[in-house]
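Beneath this line is the structure, given in structure tokens, with notes to follow.
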Amino acid sequence: MDWHYVRSQPLDMTKIEERIKRVQGIIAETCARVGREPEDIRLVIVTKSAEFEQIQEVIRLGFNHLGENRVQQLKKVASQVEEFIGQSPESAGLPKEIHWHMIGHLQRNKVRQVLSTISLVHSVDTLRLAEEINNSAAKLGLCPRVLLQVNTSNEPQKYGVPVGAATHLAEQIETLPHLKLIGLMTMAPLTRNKDVVRTCFVRARELHCEMRGEKIVGSQFTELSMGMSSDYEVAIEEGATILRLGSAIFAG
Ligand SMILES: *Cc1c(COP(=O)(O)O)cnc(C)c1O
């Protein structure tokens, strides 16, 4: 063991590993309960409230799907991470590629500057935004993958297309050649009432199923991004394929 390496580790580092293990345990137990495979669930680690040392730790542990909800922060952290992976003496053991997930509201005038960094945009909720992504992607020679964000809680302050308008919007997005619509994203309200949370996730799952059934979307439409630190068990039970977890890993 390299003494210097051990000494340079901040004290809370093992805490993160512990928390990730705990999360993985809960994912495995929940999957077992409902007859799903943990391998079918992607864990996106949301870094918006993390220190950079904590992000490095997560990467050292082999996690390479990271999420941010603001463009400026995503750009900043992504470039720091790129430098860390490129220059680190440990680079042999680090993931070669980091997949960045844009999980927050995306303004149209910011699309151009982040498109090449983002692996999946979770927050497409208007045709104008989809068109902007499509146009920028065409110019950059990209074909980004996107999710349609649906407002399943009917809270007026939430982003996301209303459930009743989602199918029509998906149809329109499907006509755009330079992006790939691969599923839905939703957020439940912040409440301890699990029934309210579950109702939102069920709505998203049913909508996802309906869109596939009616062939509004193609066979690549497989993802359901739902479940945060406070509600990911319910999300798994209702079919989530992507979890977005921040505070369960970094807080406390
Ligand atoms: C911050 C954020 C998350 C993670 O939330 P936690 O409760 O910290 O797990 C997930 N999704 C979105 C859209 C977020 O903004």
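Quick caveat, the model's predicted, so the values are computed rather than measured. Remember, it's 1-based here, ligands and their atoms both numbered in the order they're listed.
Under 4.0 Å is where a charged nitrogen must lie from a carboxylate oxygen, and between R33 and E237 at least one such pair does. A salt bridge links R60 with E57: the closest approach of a Lys/Arg side-chain nitrogen to an acidic carboxylate oxygen falls below 4.0 angstrom. With respect to K48 and E68, no salt bridge is recorded, no charged nitrogen being found less than 4.0 Å from a carboxylate O. Remark: K21 engages E17 in a salt bridge, criterion side-chain N to carboxylate O under 4.0 Å.
Within the structure, every pair that satisfies the salt bridge (Lys or Arg N to Asp or Glu O under 4.0 Å) test and touches residues 141-163, not counting sequence neighbours, is listed here: E155-K158.
Ring geometry for H101 against H65 counts as tilted: the plane angle lies between 30° and 60°, on a 0 to 90° scale.
When non-hydrogen atoms are compared, ligand 1 lies under 4.0 Å from neither the backbone nor the side chain of H122.
Here the heavy atom of the protein found nearest to atom 9 (O) of ligand 1 is S229 OG, 2.5 Å. The nearest protein atom to atom 4 (C) of ligand 1, hydrogens excluded, is given as R244 O, 3.6 Å; this is a heavy-atom distance. Considering only non-hydrogen protein atoms, atom 5 (O) of ligand 1 sits nearest to M228 CE, 3.4 Å. Annotation: atom 8 (O) of ligand 1 to nearest protein heavy atom, S247 N, 2.8 Å. At the shortest separation from atom 1 (C) of ligand 1 among protein heavy atoms lies K48 NZ, 1.3 Å.
In the vicinity of N69, heavy-atom distances shorter than 4.0 Å reach the ligand 1 atoms 15 (O). Residue L245 approaches ligand 1 through these ligand atoms, each under 4.0 Å from one of its heavy atoms: 9 (O). Atoms of ligand 1 found under 4.0 Å from any heavy atom of G246 (numbered from 1 in listed order, with element): 4 (C), 6 (P), 8 (O), 9 (O).
In the hydrophobic clustering of this structure, V44 does not group with V114; members are Ile, Leu, Val, Met, Phe, Trp, Tyr whose side-chain heavy atoms approach within less than 4.5 Å, directly or through other members.
Ranked by closest heavy atom to atom 13 (C) of ligand 1, the top entry among T186, L190, I103 is I103.
The N/O atoms of S230, backbone and side chain alike, include none that comes under 3.5 Å of an N/O atom in ligand 1.
Listed for the N64 side chain is a donor-acceptor partner under 3.5 Å among the backbone atoms of E97.
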